Number of protein chains: 2
Amino acid sequence: MIRLYHSPLSPFCRKVRLVLAEKRLEVELVEERYWEGRADFLRMNPAGKVPVLRENGLTLGESTAICEYLEETHPEPALLPARPAERAEARRLVCWFDDKFHQEVTKNLLYERVNKKVMGLGYPESKNVKAGAQKIKFHLDYMAWLLDHRRWLAGDRMTLADFAAAAHLSCLDYISDVDWHRNEAVKDWYAKIKSRPAFRSILADQIPGFPPPPHYADLDF
Amino acid sequence: MIRLYHSPLSPFCRKVRLVLAEKRLEVELVEERYWEGRADFLRMNPAGKVPVLRENGLTLGESTAICEYLEETHPEPALLPARPAERAEARRLVCWFDDKFHQEVTKNLLYERVNKKVMGLGYPESKNVKAGAQKIKFHLDYMAWLLDHRRWLAGDRMTLADFAAAAHLSCLDYISDVDWHRNEAVKDWYAKIKSRPAFRSILADQIPGFPPPPHYADLDF
């Protein structure tokens, strides 16, 4: 049985949860208040971050490494294309969301509004929130541009890139920070991915003190 | 012929250059002042970052995606182990250096001291430089701890993790920001990797206005 140390509104954990669910791998979720730096947790992952995956005495850290591991050990259904050039495009977009989107949007909106409060780090910095609200528009437009050429973000098939994007956007949607009216193509893409069985556990997340808006779990949002 | 758009003191470009050289792939290096946002460059990589690799009309961005692509298309010599669990450990450490080390050390030292000046963004912030100088000690100690158990950072064989670490450290060594006397094991590891033919082009780098210290290219530093 796989155990995943996670935090409900961590996009990196959500990406791994989506991969596990899509591959129909059963997982025991253990919520970890990673910012408290529990000694046993730091022994598992000296980087002090979630997600951490354990399976048969093996301990894995870093969502990128975990997703590649799951793809290698449980290749079906494939979440990376077969051809190297197409795999590179999917991985480029995973990096886009996990690095660029994360720095420009997730940190400025989610971490300011939620993580700071949960971790007792004070109030949101309004200039960061404003910057995030501005930047997310550019990212949604970039997604719309990709989806104008492709069925899924990285090509004709759903890949890890779609899960990385959906992981970030679903966290932001939990705090109503995504304007789904901006681009029809992005909304249609999210509706498709949101209705997958793999998404169910994520739509059921509840963070104490932060109830999700009614549209969050609504498949017809 | 492969063309790599790069910047000499970018650790992400250096990682890719090391992989290319180790796999004996000839490459044409094109220096890109990526911070100027040249339109043709942004068309190749809308993230506006180096490295960007071009080969036969194919354009690849993000060093993680590029390295995996090179590993898939030119598997010899292998820079990831064969077993999934060991591959995950190598990839975890690549993330360690490209994310944690980058945020805590490279940004605070290299970007403050060099990139800011080159990009015309003003003077180093001394509190950041101090934080970086403090944090690098922890990272060198972590490397020493790994090397106490292993021949190379991720295990018995040299992997992408060693190249990621060496890419960051070689950039910092260019500005004399690595204390090689702190841990004998780290120094020995760097001496091994520095003497590889793949490292030659990196040791020949010269950044105008920032001459490297004499020990930088010295294999007996």
Side-chain angles (χ1 to χ4, degrees), chain A residues 12 42 44-49 51-75 80-104 107 138-139 141-143 145-146 154 160-161 164, chain B residues 12 42 44-49 51-75 80-104 107 138-139 141-143 145-146 154 160-161 164:
Chain A
F12 302 99
L42 286 174
M44 286 194 284
N45 185 10
K49 299 188 299 184
V52 168
L53 184 146
R54 298 200 81 173
E55 187 185 20
N56 302 328
L58 184 70
T59 305
L60 306 181
E62 292 294 343
S63 71
T64 303
I66 294 172
C67 291
E68 296 278 354
Y69 172 83
L70 293 171
E71 189 68 13
E72 287 171 356
T73 52
H74 303 277
L80 285 174
R83 289 184 49 232
E86 290 167 16
R87 293 164 78 80
E89 175 63 357
R91 288 182 177 123
R92 177 185 76 83
L93 286 167
V94 171
C95 295
W96 178 284
F97 289 98
D98 284 351
D99 180 21
K100 191 174 174 66
F101 188 97
H102 178 243
Q103 296 290 337
E104 296 179 349
K107 278 191 174 172
F138 160 77
H139 284 278
D141 291 351
Y142 181 54
M143 291 176 71
W145 180 81
L146 290 172
L160 211 46
Chain B
F12 302 98
L42 287 173
M44 286 194 285
N45 185 11
K49 299 189 298 184
V52 169
L53 185 145
R54 298 200 82 173
E55 186 186 21
N56 302 328
L58 185 70
T59 306
L60 305 180
E62 291 295 341
S63 71
T64 304
I66 293 172
C67 290
E68 296 279 354
Y69 172 84
L70 292 172
E71 188 67 13
E72 288 171 356
T73 51
H74 303 277
L80 284 173
R83 289 184 49 233
E86 290 166 17
R87 294 164 76 80
E89 175 63 357
R91 288 183 176 122
R92 176 184 77 83
L93 287 167
V94 171
C95 294
W96 178 284
F97 290 98
D98 284 351
D99 180 22
K100 192 174 173 67
F101 188 97
H102 177 243
Q103 295 290 336
E104 294 178 352
K107 277 191 175 174
F138 160 77
H139 284 278
D141 292 351
Y142 181 55
M143 290 176 71
W145 180 82
L146 290 172
L160 210 46

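Worth saying up front: this structure is predicted, and the values here are computed from it rather than measured. Chain A is the first sequence line, chain B the second, and so forth, proteins listed ahead of strands; every chain is numbered from 1.
The distance from atom OH of B:Tyr69 to atom CZ of A:Arg92, rounded to the nearest 0.5 Å, is 14.5 Å. Separating the CE atom in B:Met143 from the CG atom in B:Leu93 is a distance of 9.5 Å, to the nearest 0.5 Å.
Using a 4.5 Å cut-off between heavy atoms, A:Arg87 contacts chain B through its side chain alone, with no backbone atom that close. Using a 4.5 Å cut-off between heavy atoms, A:Gln103 touches chain B through its side chain atoms alone.
With chain A as the partner, the residue from B:Gly61, B:Ala88, B:Pro46, B:Ser63 showing the most heavy-atom pairs under 4.5 Å is B:Pro46.
The backbone N or O of B:Arg91 lies less than 3.5 Å from no partner atom in the side chain of A:Glu68, so there is not a single donor-acceptor pair. Panel note: side chain A:Asn56, backbone A:Leu58; no donor-acceptor pair is recorded below 3.5 Å.
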